[in-house]
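Everything on this sheet refers to the single structure shown next.
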Number of protein chains: 2
Amino acid sequence: MNFKGKRQPVTIPRAAKTLRRTRIQEEKEEQILEAALDVFSASGFRGSTIDQIAEVAGMSKPNLLYYFRTKEAMHRALIDRVLYTWLEPLRAFDAEGNPEAEIRSYIRRKLEMARDFPRESRLFANEVLQGAPHIEDELKGPLKELVDEKAEVIRAWAKAGKIVKCDPYHLIFSIWSTTQHYADFDVQVRAVLGQEHSGEGRFEDAARFLEQLFIGGLRPDPLGG
Amino acid sequence: MNFKGKRQPVTIPRAAKTLRRTRIQEEKEEQILEAALDVFSASGFRGSTIDQIAEVAGMSKPNLLYYFRTKEAMHRALIDRVLYTWLEPLRAFDAEGNPEAEIRSYIRRKLEMARDFPRESRLFANEVLQGAPHIEDELKGPLKELVDEKAEVIRAWAKAGKIVKCDPYHLIFSIWSTTQHYADFDVQVRAVLGQEHSGEGRFEDAARFLEQLFIGGLRPDPLGG
DNA sequence: GGATAATTTGACCGATTGGTAAACATTACA
DNA sequence: TGTAATGTTTACCAATCGGTCAAATTATCC
């Protein structure tokens, strides 16, 4: 029952992390995950190599593998760290609030995330696009539950006549897709808009358009029908 | 000026293709591109291997490389073949038509493509997501020109009060993103909708919602302003 | 300061990568 | 039917892949 000849990296027994966690560990793991975000978000899991991440992180490959035993472990740690934050805007969606204001601020928040955290957006986009082999459970579990909950809120709003009757799931999908588009398909957006309109102002233009679209499209039918 | 010792694959001198094009060539290139679409759309360029494509195509790797000299050449041929078809719906967008009907049918066509050609959608999504290293020219050239043209049509409609005043580029982006979402993020859509609603009927639900959203959101302001 | 644990590295491993060389098999065509 | 062009395969290449190992270095703590 000993481990002589092969010391376990400190990060492996996760439970022990809070007990013995070096300053160096925190710094290096941070460095690595930052580099991993760069690489994974740009090339997907299969298209990324440990050597690339090591180079971006500025350390040797075996050193990376001292902190994360496998490429998969690095990817998993990255997903875990980013996923919670990523769902924050949807979680903030408030049943008690004013529907129009809630939808407006949800769009705005998602658009801000697309602008400020495009790598995180692309990390998930790459993953989902390639069949979500590593996050299937998260999609079918926590994500579905959260969406189910918020969909119920939207359905209640529609029932109360506060917004038009519509499918709440597809409404959420459409907000996701339109906002994340500006992160995931950034190069295409820039190419089409051309140099003159691909500055940071495009996010304001997008926000204006999307609010117009969704607020207009969801305004309740005056006949109540 | 001879090539002894290394016969040139027939496909290399593209100009000569029309002159001497074997039945076998057509069949095999078809087979290869079909397999390449499978693999590239699922893993992106970097994440795909020639061996994978060879296996799917049911032929040996050197045999693939007889028809396409490099992995890049295969990818390029695939992009070239698919791109034209992919832009067909936007090209069909008619300035003379009724704005509401044109937008409605554009959404429907794009949604049909997401349903019927999800691999093609993912091929481009992978490519753009990873920085569009192989199709930058196509984006900045033909794509931008086509979008510019159609944006002008939409702008004219808005000016004439036929639809609400809005940014035509972001309108096009939002139609792209919402429709392609059902191909590119299919696994996520299925996971969130659950088994009961992830049948083919989801495309009808999506169409209904998106038409509602866009038609409602673009209906001209009755005050005209 | 010395022992001990934590960290880092260069050298290396077998498997896989994109791609080649050349022998071999098949087809088209006179 | 012969033969030249076309098509296919086996064996192979150097480079890169994810990952290991043991030795060397550095930080920590008494």
Side-chain angles (χ1 to χ4, degrees), chain A residues 2-13 16-17 19-32 35-36 39-40 43-78 133-134, chain B residues 2-13 16-17 19-32 35-36 39-40 43-78 133-134:
Chain A
N2 63 356
F3 296 95
K4 73 170 179 190
K6 178 60 184 175
R7 252 197 340 281
Q8 294 293 318
V10 192
T11 47
I12 292 315
K17 262 193 166 180
L19 294 176
R20 303 164 163 251
R21 197 169 163 77
T22 318
R23 171 184 51 86
I24 294 180
Q25 272 175 51
E26 298 206 16
E27 287 176 6
K28 290 300 169 74
E29 288 179 14
E30 175 65 34
Q31 257 184 64
I32 294 170
V39 176
F40 282 134
S43 305
F45 182 78
R46 305 199 45 168
S48 303
T49 73
I50 301 181
D51 296 81
Q52 284 173 5
I53 299 172
E55 198 189 329
V56 173
M59 49 179 100
S60 67
K61 181 167 61 170
N63 203 1
L64 280 204
L65 291 163
Y66 173 73
Y67 292 100
F68 299 95
R69 283 195 302 183
T70 65
K71 185 179 161 186
E72 297 236 7
M74 286 184 36
H75 191 254
R76 171 120 302 273
L78 186 58
H134 307 97
Chain B
N2 64 353
F3 296 94
K4 72 170 178 191
K6 177 60 185 175
R7 254 198 339 279
Q8 294 294 317
V10 190
T11 49
I12 293 313
K17 261 191 164 182
L19 295 176
R20 306 163 162 251
R21 197 168 161 78
T22 317
R23 170 185 51 86
I24 295 180
Q25 271 175 50
E26 298 206 15
E27 287 175 6
K28 289 301 167 75
E29 287 179 15
E30 176 64 37
Q31 257 184 65
I32 293 171
V39 175
F40 281 135
S43 305
F45 182 77
R46 306 199 44 167
S48 302
T49 73
I50 301 181
D51 296 80
Q52 285 172 6
I53 299 171
E55 198 190 329
V56 173
M59 49 178 100
S60 67
K61 180 167 62 171
N63 203 0
L64 280 204
L65 290 163
Y66 172 74
Y67 292 99
F68 299 95
R69 281 197 303 184
T70 64
K71 185 179 162 184
E72 297 237 7
M74 284 184 40
H75 191 254
R76 169 122 301 273
L78 187 57
H134 307 96

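These numbers come from a predicted model, not from an experiment. Just so we're on the same page: letters track the sequence lines, and every chain starts at 1.
- When distances run from any side-chain atom of A:Asn63 to the nucleotides D:dT8, C:dT8, D:dG19, the shortest one goes to C:dT8.
- The nearest whole Å value for the distance from the NZ atom in B:Lys71 to the C1' atom in D:dA15 is 14 Å.
- Taking A:Glu55 as the reference, nothing meets the side chain to side chain contact (heavy atoms under 4.5 Å, CB included) condition, with sequence neighbours excluded.
- For B:Lys28, the salt bridge (charged side-chain N to carboxylate O under 4.0 Å, His left out) criterion is met by no residue, not counting sequence neighbours.
- Between B:Lys71 and B:Arg46, the shortest heavy-atom distance links the atoms NZ-O, 3.9 Å.
- Between the CG atom of A:Leu65 and the C1' atom of C:dC13 there is a distance of 14 Å, given to the nearest Å.
- Minimum heavy-atom separation, B:Leu64 to B:Ala57: CD2-CB, 4.4 Å.
- Computed from coordinates, the B:Tyr66 OH to D:dA5 P distance equals 12 Å when rounded to whole Å.
- Checked against side chain to side chain contact (heavy atoms under 4.5 Å, CB included), B:Asp51 has the following partners two or more places apart in sequence or in another chain: B:Thr49, B:Lys61.
- To the nearest angstrom, P of C:dG19 lies 18 Å from OH of B:Tyr67.
- Whole-Å rounding puts the A:Arg69 CZ to C:dT8 C1' distance at 19 Å.
- Considering only side-chain atoms of B:Pro62, the nucleotide from C:dG19, D:dT8, D:dA11 that sits closest is D:dA11.
- Taking atom CZ of B:Phe68 as the reference point, atom P of D:dT8 lies 13 Å away to the nearest angstrom.
- Heavy atoms only, all atoms of each residue included: A:Ile53 and A:Ile32 are closest at CG2-O, 4.2 Å.
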Enumerate the protein-to-nucleotides 28-30 of chain C contacts in which both atoms are nitrogen or oxygen and the separation is below 3.5 Å.
residue, atom, partner, partner atom, Å
C:dA28, OP1, B:Arg23, NH2, 3.1

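- One atom, CD of B:Gln31, and another, C1' of D:dG7, lie 13 Å apart when rounded to the nearest Å.
- Inter-residue side-chain proximity for A:Phe68 and A:His75 is flagged as unmet; no heavy-atom pair is nearer than 4.5 Å.
- For D:dT6, neither phosphate oxygen OP1 nor OP2 lies less than 4.0 angstrom from any side-chain nitrogen or oxygen of B:Gln25.
- Atom CG of A:Leu64 and atom C1' of C:dT9 are 13 Å apart (whole Å).
- Within the 4.0 angstrom heavy-atom criterion, base atoms lie near B:Lys61.
- At a threshold of 4.5 Å between non-hydrogen side-chain atoms, the residues B:Met74 and B:Phe45 do not count as touching.
- The stretch residues 50-60 of chain B touches DNA chain C through B:Ile50, B:Asp51, each having a heavy atom within less than 4.0 Å of the strand.
- Residues passing the side chain to side chain donor-acceptor pair (under 3.5 Å) test with B:Glu30 are B:Arg81, sequence neighbours excluded.
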